[in-house]
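Below is one structure, written out as C-alpha cells, with a few remarks after it.
Throughout, residue positions are numbered sequentially from 1 according to the sequence presented.
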Amino acid sequence: MAKLVFGMNQSLDGYVDHLEFAPGPTLFRHWIDQVRDLTGSVYGRGMYEIMRYWDEDRPEWSAEHREFAAAWRRQPKWVVSRSSKSVGPNATLVDDDIEAVIGGLKARLVGEIAISGPELAGSLTDLGLIDEYRLYFHPVVLGRGKPFFAGPRPPLRLVSTDHVGEDVIRLTFVPA
C-alpha cells in the first residue's frame, strides 16, 4: 500500500508561495532526491500548471535543475481537475470521483505518492486519505497568500523534526 504525503515549502506564518522564497542548494538537493524516490505525484490543477515549468529544458538551468527536471518527468502524475481538458507527458487527468481514483492508487501502488496543492490536500484530508504532512518552514513572514492548510487543520501528531538545508526546518506530522 502506498503512503500519501502532503509536503510543501511555506512561510513561518503558514503561506505557500513559490515566488516568495526559493530553496537553497542543500534543500534543492533534498527535493531532487525526494522526487527521484517517489512512486508518483498527485497534483491539483494550479500546482500542476506551476510544475509544468519542468517539462521543457531551459538554457539557463544548472546541472541540478536538469537533474530535478529529469526526475520529475520520469514519475507518473495524476492531475485532479474538472476544468482541464488535457495534461502533459506522463500525466493522467482525474476529473471525477477523486476518492475512488486516489484511494485506488493508494491501495494498488507501493511507495510514496506526493500530494501537491493545498486545496487538493484539503479535499484528500477530508476523505482521510493523507498519511503524512511535511511542513518545510522558511524564515520568511508573508502575511498573505495561500495557506498550507486550505481548511481547518486536522488533528495531527508530531513524529519528527529535521533541519533541512541552510535555514529550513521540516516538521513531520501524521493524523492523530
*Side-chain contact test, heavy atoms from C-beta onward, threshold under 4.5 Å: evaluate it for F149 versus L156 and give yes or no.*
yes

*Check for a donor-acceptor pair, side chain of Y48 on one end and backbone N or O of S116 on the other, with a separation under 3.5 Å.*
no

*asked:* Could you check, using the six-membered ring where one of them is a Trp, whether W54 and F68 have ring centers closer than 6.0 angstrom?
replied: yes

*Member of P118, P147, S11 meeting the side-chain contact (heavy atoms from CB on, under 4.5 Å) criterion with V16*: P118

*When rounded to the nearest 0.5 angstrom, what is the spacing between CD1 in I98 and CG in L127?*
5.5 Å

*Compare every heavy atom of H30 with every heavy atom of V164, then report the nearest pair and how far apart it is.*
CG1-CG, 3.7 Å

*So do D13 and L142 actually touch side chain to side chain, heavy atoms under 4.5 Å?*
yes

*Does the R73 side chain pair with the main chain of D55, one donor and one acceptor, at a distance under 3.5 Å?*
yes

_The test is side-chain contact (heavy atoms from CB on, under 4.5 Å); show your working for E119 and K146 and say whether it passes._
CA-CA 9 Å; E119 286 96 7; K146 187 175 295 241; 2.9 Å; yes

*asked:* I need the minimum non-hydrogen distance between N90 and R74, along with the two atoms involved.
replied: ND2-O, 2.8 Å

*Any idea which heavy atoms bring T39 and V110 closest together, and the distance?*
OG1-O, 2.6 Å

*Side chains of Y43 and S81: do they bring a donor and an acceptor to under 3.5 Å?*
no

_Quick check against the 3.5 Å criterion: does K3 have a side-chain atom that pairs as donor or acceptor with the backbone of M1?_
no

*Answer yes if W31 and I169 sit in the same cluster of Ile, Leu, Val, Met, Phe, Trp and Tyr residues linked by side chain heavy atoms under 4.5 Å apart, and no otherwise.*
yes

*asked:* Do V174 and L171 land in one hydrophobic cluster if side-chain heavy atoms of ILVMFWY residues count as linked below 4.5 Å?
replied: no

*Could you give the distance from CD (E49) to OG (S84), rounded to the nearest 0.5 Å?*
6.0 Å

*Considering only NZ, NE, NH1 and NH2 on the basic side and carboxylate oxygens on the acidic side, decide whether E20 and R144 come within less than 4.0 Å.*
yes

*About how many Å separate CG of N9 and CG of D17, when rounded to the nearest 0.5 Å?*
11.0 Å

*Within the side chain of D131, is there an N or O that forms a donor-acceptor pair under 3.5 Å with the backbone of V5?*
no

*Check: L158 and T172 side chains under 4.5 Å, non-hydrogen atoms*: no

*Step-by-step side-chain contact (heavy atoms from CB on, under 4.5 Å) determination, D37 to E112*: CA-CA 8 Å; D37 293 341; E112 201 168 277; over 6 Å; no

_Applying a strict under-4.5 Å side-chain criterion to I, L, V, M, F, W and Y, I'd like to know whether L27 and W61 cluster together._
yes

*Y53 and W72: aromatic ring centres closer than 6.0 Å?*
no

*asked:* Between R66 and R58 (side chain of the first, backbone of the second, donor and acceptor by atom type, cut-off under 3.5 Å), is there such a pair?
replied: yes

*Can E166 and T26 be counted as having a side-chain donor-acceptor contact under 3.5 angstrom?*
yes

*Please report the shortest heavy-atom distance between L38 and Q75, naming the atom on each side.*
CD1-NE2, 3.7 Å

*Kindly indicate whether the side chain of H138, heavy atoms from C-beta on, has any atom under 4.5 Å from the side chain of Q10.*
no

*Do F28 and M47 sit in the same hydrophobic cluster, where Ile, Leu, Val, Met, Phe, Trp and Tyr count as joined when their side-chain heavy atoms come under 4.5 Å apart?*
yes

*Do you know which two heavy atoms are closest between F6 and M8, and how far apart they sit?*
CE1-SD, 3.5 Å

*Can you check whether L12 reaches V140 side chain to side chain, under 4.5 Å on heavy atoms?*
no

_For residues Y15 and I115: do they belong to one hydrophobic cluster (side chain heavy atoms under 4.5 Å, members Ile, Leu, Val, Met, Phe, Trp, Tyr)?_
no

*Non-hydrogen side-chain atoms of F173 and V159 separated by less than 4.5 Å*: no

*Working to the nearest 0.5 Å, report the span between CD1 of I130 and OG1 of T125.*
3.5 Å

*Any ion pair linking R82 and D95 (charged N to carboxylate O, less than 4.0 Å)?*
no

*Are R36 and E67 ion-paired here, with the side-chain N under 4.0 Å from a carboxylate O?*
yes

*Are T92 and V79 side-chain neighbours, meaning at least one heavy-atom pair lies under 4.5 Å?*
no

_Least distance between heavy atoms, G88 atom then R52 atom_ = N-NH1, 3.6 Å

_Using side-chain heavy atoms (C-beta onward) and a distance below 4.5 Å, is F148 in contact with L135?_
yes

*Can we say R134 and E132 salt-bridge, meaning some charged N sits less than 4.0 Å from an Asp/Glu carboxylate O?*
yes

